[in-house]
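Chain A is the first sequence line, chain B the second, and so forth, proteins listed ahead of strands; every chain is numbered from 1.
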Amino acid sequence: MNTNSNTYTFIYASVLVVLVAAVLAFVAGSLKTKQQSNIDTEKRLHILQSAHLATEAAKASNKNDYVASQFEQYITRSYVVDYRGEITDGNAFDIEMKQQYELLKHKLKQELRLPVFECTLDDGTLLYVVPCYGLGLWGPIWGYVALKDDCNTIYGVVFDHKGETPGLGSQIATEKYARQFVGKQIFDKDKFVSVSVVKGGARPNDLHAVDAISGGTITSNALQDLLFMSLEAYVPFFEIKTKQ
Amino acid sequence: MFKKIFLAPLFKGNPITVLTLGICSALAVTVKLEPAMVMAASVTLVTGFASLIMSILRNTIPNRIRIIVQLVVIAALVIVVDQVLKAYAYDASKQLSIFVGLIITNCLIMGRIEAYALGNKPIPSLIDGLANGLGFGIVLTVVAFVRELIGSGTLFDIPVIPHSWYVANGGFYENNGLFILPPMALIVIGLVIWVQRSISKELIEKQ
């Protein structure tokens, strides 16, 4: 057979591509549930980590089960709030922060659906865990901020990123970096100021600033914007909660 | 004969140190041992099966679209590996991120198909592919071992440098951050090549 004729080449290419597409579709389809459960576990783990919980996750023999049971135990309530800070319907866990980020960016406040997770610690302390999302240097960065029940003092944070520069911007995902945020306040008296990320180092005792990462200026700035933009959307909710 | 096909790429015909194929990913994923070994395993499977499939198809492929067919087969295998990692080794797949996808561009795979699989029977091709993947993996592991030990003071994320040695705890030792950056991978590979050539002198080019 002449394997170099045009017809043969066309048929060969078409058959090959269709075959490969079928195999890939089958593989992707059969692994999808498993992959989604990994993604959900990671999300739950981040929410718990922002409240310094689920510390044994790396050692757990079945990470998915461990994280799910911890989430069940500590996240006592979750709901969705709108731009006025009032609770509306919706499942907090299923909200895509990327969409909310787009809405915020285009100032379409009315359509915002913001998830809130209430976390009750062993000693009864109530925490509000809220997500944040923004764009870093190379891709999205996101995280969760756990606030004490005064809706002002940060109890803990966790950040993650898609592909910030290894060793530089990627350090926002380290526990060491996140620890800086503990005890910082997002309100100065009654004014929302968020937490700034200061190049060259924040002044000691500054309640509203943390150190930037040397060599990771763009990621640091992005982190500052992400905190301001995401937390600002929750300000009406925080005000309602503090007045109660 | 199979033994020879299998053993050659591990040392005297090593894809990285002798053929200098697949250097790019060797530089990128050798900061820590664990991702390096996941990468090595992925590349081994992809080279092995890509060589096997291409060798089975070798007499049917239209010569004009030879390279495209190779790419389709390699890309499909890489996507399968990527999907499986996302399902069963999520943390490792996050650390490797785009580098799994970049296995497609690893010169090693196409290099072996062009040089070996297209002219040989399926079983020797499979062995050749797997052995080249392993040869690649050995170098990756050695480089990652050195970089993780000196750069982070850990092996498989377990600290191996005594805590009290560090300057922060009143000791004398500090991790060398330079080893985390890609240039040190190149230098470490250079050192590996040097060591290999001083062991087997026949690899040294004649003046």
(message) Do Asp91(B) and Lys63(A) make a side-chain contact, defined as non-hydrogen atoms from C-beta onward lying under 4.5 Å apart?
(response) yes
(message) What part of Leu57(B) gets within 4.5 angstrom of chain A, counting heavy atoms only: side chain, backbone, both, or neither?
(response) both
(request) Could you tell me the separation between the NZ atom of Lys86(B) and the CG atom of Leu31(A), rounded to the nearest 0.5 Å? (result) 11.0 Å
(request) Step through the shown structure and confirm whether more than 12 heavy atoms of other residues, nucleotides or ligands are within 6.0 Å of OH on Tyr88(B). (result) no
(request) Among residues two or more places apart or on two chains, list those pairs meeting salt bridge (Lys or Arg N to Asp or Glu O under 4.0 Å) that have a residue in residues 49-59 of chain B. (result) none
(message) For Ile39(A), which atoms come within 4.5 Å of any heavy atom of chain B: side chain, backbone, both, or neither?
(response) both
(request) Rounded to the nearest 0.5 Å, what's the gap from OH on Tyr8(A) to CD1 on Ile61(B)? Could you check? (result) 8.5 Å
(request) Assess whether atom CZ of Phe145(B) is packed by more than 12 heavy atoms of other residues, nucleotides or ligands within 6.0 Å. (result) no
(request) Of all the heavy-atom pairs spanning Ala76(B) and Val20(A), show the shortest one and how long it is. (result) CB-CG1, 3.5 Å
(request) Examine whether an atom of Asn59(B) lies under 4.5 Å from a heavy atom of chain A, and if so say whether it belongs to the side chain, the backbone or both; otherwise answer neither. (result) backbone
(message) Atom CE of residue position Met37(B) - does it have more than 12 heavy atoms of other residues, nucleotides or ligands inside 6.0 Å?
(response) no
(message) Quick check for you: to the nearest 0.5 Å, what is the distance between Ser30(A) atom OG and Gln83(B) atom CD?
(response) 9.0 Å
(message) For Ile161(B), is the CD1 atom crowded, meaning more than 12 foreign heavy atoms sit under 6.0 Å from it?
(response) yes
(request) Could I get the full list of ring pair (Phe, Tyr, Trp, His ring centres under 6.0 Å) partners for Tyr90(B), not counting sequence neighbours? (result) none
(request) Can you tell which part of Val84(B) gets under 4.5 Å to a heavy atom of chain A, answering side chain, backbone, both or neither? (result) both
(message) For Asn4(A) versus Asn63(B), what's the shortest heavy-atom pair and its separation?
(response) OD1-N, 3.2 Å
(message) Within the supplied structure, the quantity of interest is the number of heavy atoms (other residues, nucleotides, ligands) at a distance under 6.0 Å from Phe49(B) CZ; does it exceed 12?
(response) no
(request) Sort Thr41(A) into side chain, backbone, both or neither according to what part of it lies under 4.5 angstrom from a heavy atom of chain B. (result) neither
(request) Let me know if Asn6(A) has heavy atoms under 4.5 Å from chain B in its side chain, its backbone, both or neither. (result) both
(message) How about CD on Glu102(A), more than 12 heavy atoms from neighbouring residues, nucleotides or ligands closer than 6.0 Å, or not?
(response) yes
(request) List the atom of Pro62(B), the atom of Thr9(A), and the distance in Å for their closest heavy-atom pair. (result) CB-OG1, 3.7 Å
(request) Considering only heavy atoms and a distance below 4.5 Å, find which of Leu24(A), Val17(A), Val27(A) pairs most often with chain B. (result) Leu24(A)
(request) Against chain B, label Glu42(A) side chain, backbone, both or neither, depending on which of its atoms sit under 4.5 Å from a heavy atom there. (result) side chain
(message) To the closest 0.5 Å, what do you measure between OH (Tyr12(A)) and CD1 (Ile65(B))?
(response) 7.5 Å
